[in-house]
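In listed order, ligands and their atoms are each counted from 1.
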Amino acid sequence: MAEIILTGDRPTGKLHLGHYVGSLRQRVVLQNSGDFDDIFIMIADSQALTDNADNPEKIRTNIIEVALDYLSVGIDPDKSNILIQSQIPALSELSSYYMNLVTVARLQRNPTVKAEVEMRGFQSNVPVGFFTYPISQAADITAFKATVVPTGEDQEPMIEQTREIVRKFNQIYGEVLVEPKILLSDNKVCKRLPGTDGKAKMSKSLGNGIYLSDDSETLKQKVMSMYTDPDHIRVEDPGKIEGNTVFTYLDAFCVSEDFPDFLPDYGCLDDLKEHYKKGGLGDVKIKKFLIKVLERELTPIRERRSRFEKDIASVYDILKTGTDAANRVADATLSEAKAAMKINYFDDTALIKSQQEMYNN
Ligand code: TRP
């Protein structure tokens, strides 16, 4: 069976380090592994509109931001199709048929939808489109017969709901759709990178994010003001590692060469942690180290971004090419699904004949 990747992001803002360690970095590795027959990375603008209907301009401007972020981290348009969700009509059509396979109660139980409804303060004013977006997300995934969805942990309920829809569809209409698996980052810290305030997940609304497109000066300021251990007041004081954002980020980003290159007095991260716990290691020193670690990772990303920023037309060409390829695949799946559902009246050559025979008798 073909191995196919489908994943995506809502274009509601620039992508940050949480997206990077949570999924983007892994997507690039998967892309370059050569293990996949086809890869689709979706800019999910229709989904973003389900709770931004009054602000289409925000979505429009962030499509290019997300595209630039994808290209800058190393998503390669020769290997992966980058596509825009709203330009794939088959997705809406598939969604409308899947809606018949899902109950209102099941959607109400979806933990991600529940949490988002609460976070947005929708109460009883949830837009229907927002409420049903897990169904359209199932269409996103199944239209490409994706086997693997590399994405963040918060998307787990979506993949589970997709699998249920696939099973139900196949059981009623025959084996057409493919059940996908989620692929999470294997590093625990990376699954939920906290914001620079150490409190919650990195997010734009909390203003605690470091963005892939931040310049060196911004990065430096954000790291220098990062939350550490509030009881670690003097350098000599013993410090805590748990909940210390700088160490959490080091867990997510540090590679073994970083020590010989930037901090040769220590052999590895555990040595640094031991010293911090014992006392005698200041926050400024660990922050400066983290800046170097992050700079090494982000410099090539910024360089690629600035090259693509100089030619926005070529980025739209990439999106158009990816979207065209995606339409061919999604249209084929839609045709197959409609044939299985017996709603392919004009393509079914046996239909007229069998009905004529019925009337002849
Ligand atoms: N729901 C995802 C998010 O919030 C975006 C998304 C839309 C997606 N369709 C998808 C993710 C399909 C994985 C697969 O970012």
- prompt: Is Val255 linked to Leu193 within one hydrophobic cluster, defined over Ile, Leu, Val, Met, Phe, Trp and Tyr using a side-chain heavy-atom separation of less than 4.5 Å?
  reply: no

query: Considering residues at least two apart in sequence or located in another chain, which fulfil the ring-ring contact (aromatic ring centres under 6.0 Å, His included) criterion with Tyr97?
result: none

message: On the six-membered ring of Phe253, is Arg25 placed so that its NZ or CZ lies under 6.0 angstrom from the centre and within 45° of the ring axis?
response: yes

- prompt: Can you name the ring-ring contact (aromatic ring centres under 6.0 Å, His included) partners of Phe259, sequence neighbours left out?
  reply: Phe289

query: Around ligand 1, what residues show up once you keep those with a heavy atom under 4.0 Å from it?
result: Leu6, Thr7, Gly8, Asp9, Arg10, Ala44, Gln47, Gln137, Asp140, Ile141, Val149, Gln155

query: Sequence neighbours excluded, which residues qualify as ring-ring contact (aromatic ring centres under 6.0 Å, His included) partners of Tyr173?
result: Phe169

- prompt: Does the ring of Phe130 carry Arg120 above it, NZ/CZ under 6.0 angstrom from centre and within 45° of its axis?
  reply: no

